Amino acid sequence: MKKINVKKPLLLLFLTLLIGVLAACGGNTEKSNSSNEKDGEVTSGGKLNIGLSANAKTFDPIKYTGVYESQVMRQMGDTLVVYNKDLSDIIPSLATEWKVSDDMLVYTFKLREGVKFQKGQYQDGREMTAEDVKYSLERSAKESAMNRLSGVTEVKVLSDYEIEIHLTTPNAALLAMLTDAGNIIIPKEEVEGWGDNFSEHFIGTGPFQLTEWKKDQEVKLVRHDNYWGEKPHVDNLSMKFISDQNMMTNALRSGDIDIAMDVKGQNREIINQDSNLELLTNPGLSIVYLDLNNKVGPTADKHVREALYMATNVEEIISGVNQWGGGDVSYLPLPPGSWGYDKSLVDLVPKYNPEEAKKLLAEAGYPDGFKTEIYVSEARVPYATIFQSQLKKNLNIDVEIKVLEWGTYSDTVAKGNAPMNIGGWTWYPDPYFFLYQLFHTNQIGALGNGKGYSNPEVDKLLERAVSETVVQEERAKLYQEALKLILADVPRIELEATQTVAGVNKKVQGFEVSTDNSVQIVHPNGTNVSISK
């Protein structure tokens with residue numbers, strides 16, 4: 001079989017003094033993306049503690065909507081295929097080989113033999129077979145909250161270790177889709193046995209097994225001794241939810257956690273200046289955007305959306321939120337790290353021009369502005385606060401900021417009930433995951449397209465980009481044509497291209513910051529993190 005490549009002045013003064021003291025005590029240079037390894041020696045055993053920047057709502061693959069949830073799920077379960085370290089190629093995981101039919105409608109996979117599920121309430125750690133793959137993927141195709149396996153009509157079992165995935169239309173992005181945590185393979189007995197409570201008793205084939213989930217606090221996992229891959233170096237893994245950035249940094253410096261994900265603001269410099277810590281960074285595949293409701297309210301009018309964009313000083317927002325680095329203006333609905341990004345399209349983005357924005361808004365029937373709401377999770381409040389001030393100053397628009405916990409936020413946005421919202425998106429280099437998921441009409445009702453954007457010509461281009469060819473250069477041209485139409489419709493305001501960042505205790509060995517912001521502790525790409533005693 002052939003494998004296919006899918007190629008405030010006082011605060012500032014205090015922080016300045018604090019950073020200066022830390023620097024005097026012994027500094028540390030910022031690292032690119034991997035933690036230390038000491039002379040090739042690896043320490044086995046011990047417990048690794050990781051801080052995640054937002055709370056998890058569910059670990060059911062078909063229900064999860066946030067990267068924070070997938071960061072936990074990937075420790076407990078496996079997908080058929082995965083990306084390699086730099087996300088340039090798809091490599092084996094639960095599948096060892098695959099081939100694609102000439103019409104791109106059937107993908108055939110050979111499965112790894114001897115893979116064992118973790119022991120659970122309804123099975124004793126039995127071997128995974130093709131029936132489990134069929135069950136998991138068909139469940140995802142039919143019930144995924146984020147349409148993470150759209151287009152799959154059937155998974156046929158050819159033998160215990162071979163399956164076929166059948167598609168309604170050709171999809172060159174299927175392999176990338178299969179790497180998503182929403183397509184983790186799970187046992188039917190456990191899902192149906194636990195019913196709605198499966199999330200709290202997750203069972204998979206991954207390197208670690210769930211032992212305890214303290215809601216809103218911590219997830220505890222233990223090494224899966226029958227894991228099919230390389231034996232995990234650490235015995236126990238704890239993933240703690242710490243939304244407050246200062247608390248996260250304090251926990252890292254005190255030793256309560258060994259890895260702090262999504263480090264932002266002044267905490268970047270505080271960590272960078274601590275001689276016991278490393279700040280790991282990666283350009284990332286993450287963007288932040290401000291959705292404008294395309295269906296109801298004033299923003300249903302394109303001219304209003306354009307006026308809002310022209311009244312928004314994006315540079316001011318991004319520099320204000322990232323005073324210590326960590327993000328740049330994104331300009332386009334794709335991160336610069338995607339192979340579909342085209343810098344020349346930046347010229348099509350509305351320019352900051354408050355006076356012209358006032359004229360547009362008056363012509364649209366709102367000469368005196370209007371009142372509206374913007375929905376955000378706690379992490380996005382700084383963006384919303386600056387945006388709120390700008391719209392009041394430039395257009396006399398009163399924006400009320402509504403801060404919601406993640407589950408409520410995602411549900412509100414997906415249902416189209418947010419006049420505006422600030423969201424973030426992290427996925428893979430393939431533009432499909434940013435453009436189809438966030439702009440195709442079929443995604444209305446899902447979190448990505450809660451704004452209700454719909455353009456039949458865009459739909460056609462996005463469909464052609466996955467159905468006509470697997471050649472990356474040809475697909476990129478189609479995505480760039482779609483981008484031109486999307487930018488002309490002004491469905492949202494592009495804000496930030498965000499770095500992937502983690503603060504790490506130097507005792508941690510072998511940890512790397514992944515471009516897609518996934519947490520990789522034990523992974524088929526060769527990663528196996530350890531911690532020195």
Side-chain angles (χ1 to χ4, degrees), residues 1-7 79-84 87-112 129-144 146-180 182-183 185 338-340 427-437 439-443 455-482:
M1 289 187 176
K2 182 180 180 181
K3 187 174 75 172
I4 303 295
N5 290 346
V6 181
K7 310 241 199 270
T79 51
L80 290 185
V81 293
V82 294
Y83 270 99
N84 63 355
L87 276 68
S88 64
D89 196 8
I90 303 283
I91 62 174
S93 182
L94 294 182
T96 58
E97 300 177 51
W98 53 91
K99 64 180 180 181
V100 185
S101 63
D102 292 339
D103 60 8
M104 296 170 57
L105 289 173
V106 181
Y107 284 65
T108 305
F109 294 84
K110 282 191 175 180
L111 306 178
R112 190 178 300 277
T129 69
E131 290 291 344
D132 299 301
V133 176
K134 175 181 173 66
Y135 170 76
S136 301
L137 298 186
E138 288 187 347
R139 181 174 183 258
S140 177
K142 295 173 184 176
E143 303 179 51
S144 171
M146 298 286 284
N147 297 327
R148 297 181 188 273
L149 206 55
S150 58
V152 172
T153 59
E154 180 185 14
V155 178
K156 284 188 177 180
V157 173
L158 303 182
S159 71
D160 284 349
Y161 304 108
E162 190 169 14
I163 59 104
E164 287 180 348
I165 298 179
H166 290 250
L167 307 175
T168 52
T169 58
N171 192 342
L174 180 67
L175 289 176
M177 293 168 67
L178 289 171
T179 69
D180 190 273
N183 297 315
I185 307 305
S338 170
W339 48 260
W427 228 327
Y428 304 120
D430 195 314
Y432 171 89
F433 295 95
F434 288 87
L435 301 184
Y436 187 95
Q437 299 292 124
F439 296 98
H440 196 284
T441 302
N442 288 350
Q443 296 302 109
N455 182 327
E457 293 303 313
V458 171
D459 290 347
K460 290 178 183 177
L461 286 165
L462 297 180
E463 290 161 7
R464 288 178 58 197
V466 292
S467 64
E468 292 185 355
T469 179
V470 295
V471 178
Q472 186 169 296
E473 292 78 8
E474 295 176 10
R475 294 182 63 211
K477 291 178 182 178
L478 292 167
Y479 282 122
Q480 288 154 10
E481 289 303 311

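The shown structure was predicted, so the numbers you read here are calculated from the model rather than taken from an experiment.
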Quick one: does [X]'s side chain get under 4.5 Å of [Y]'s, heavy atoms only?
X: Asn455; Y: Phe439; value: no
X: Pro431; Y: Gln480; value: no
X: Tyr135; Y: Val155; value: no
X: Trp427; Y: Tyr432; value: no
X: Asn147; Y: Gln443; value: yes

Handout entry: Side-chain donor-acceptor pair present, Asn84, Ser88, cut-off under 3.5 Å
Key =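 Looking only at side-chain atoms, Ser88 and Asn84 do form a donor-acceptor pair, the distance falling under 3.5 Å.
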Quick one: [atom1] on [X] to [atom2] on [Y], what's the gap to the nearest 0.5 Å?
X: Glu474; Y: Arg464; atom1: CD; atom2: CZ; value: 10.5 Å
X: Leu149; Y: Ile165; atom1: CG; atom2: CD1; value: 6.5 Å
X: Leu111; Y: Trp98; atom1: CG; atom2: CH2; value: 11.5 Å
X: Thr96; Y: Leu80; atom1: OG1; atom2: CG; value: 10.5 Å
X: Tyr83; Y: Thr179; atom1: OH; atom2: OG1; value: 5.5 Å
X: Asn183; Y: Met177; atom1: CG; atom2: CE; value: 7.0 Å

So, the side chain of [X] versus the backbone of [Y]: is there a donor-acceptor pair under 3.5 Å, distance only?
X: Glu463; Y: His440; value: no
X: Glu164; Y: Val106; value: no
X: Ser467; Y: Asn171; value: no
X: Ser101; Y: Leu105; value: yes

Residue pair [X] / [Y]: nearest heavy atoms and the distance that separates them:
X: Val458; Y: Ala482; answer: CG2-O, 4.2 Å
X: Glu481; Y: Leu461; answer: C-CD1, 3.8 Å
X: Tyr161; Y: Arg112; answer: CD2-O, 4.2 Å
X: Val82; Y: Pro92; answer: CG2-O, 4.0 Å
X: Ala173; Y: Phe433; answer: O-CZ, 4.0 Å
X: Ser338; Y: Pro429; answer: OG-O, 2.7 Å

Handout entry: Electrostatic pair Glu131-Lys134, nearest N-O below 4.0 angstrom
Key =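 No, Glu131 and Lys134 are not salt-bridged.
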Practice task
Please report the C-alpha distance between Leu174 and Val152 in whole Å, then the side-chain angles of each, then the deciding distance to 0.1 Å, and finally whether the side-chain contact (heavy atoms from CB on, under 4.5 Å) criterion is met.
Solution key: CA-CA 9 Å; Leu174 180 67; Val152 172; 4.3 Å; yes
Practice task
Apply side-chain contact (heavy atoms from CB on, under 4.5 Å) to Met146 and Asp180, showing your working.
Solution key: CA-CA 11 Å; Met146 298 286 284; Asp180 190 273; over 6 Å; no
Handout entry: Worked verdict on Phe109 versus Leu178 for side-chain contact (heavy atoms from CB on, under 4.5 Å)
Key = CA-CA 12 Å; Phe109 294 84; Leu178 289 171; 3.5 Å; yes
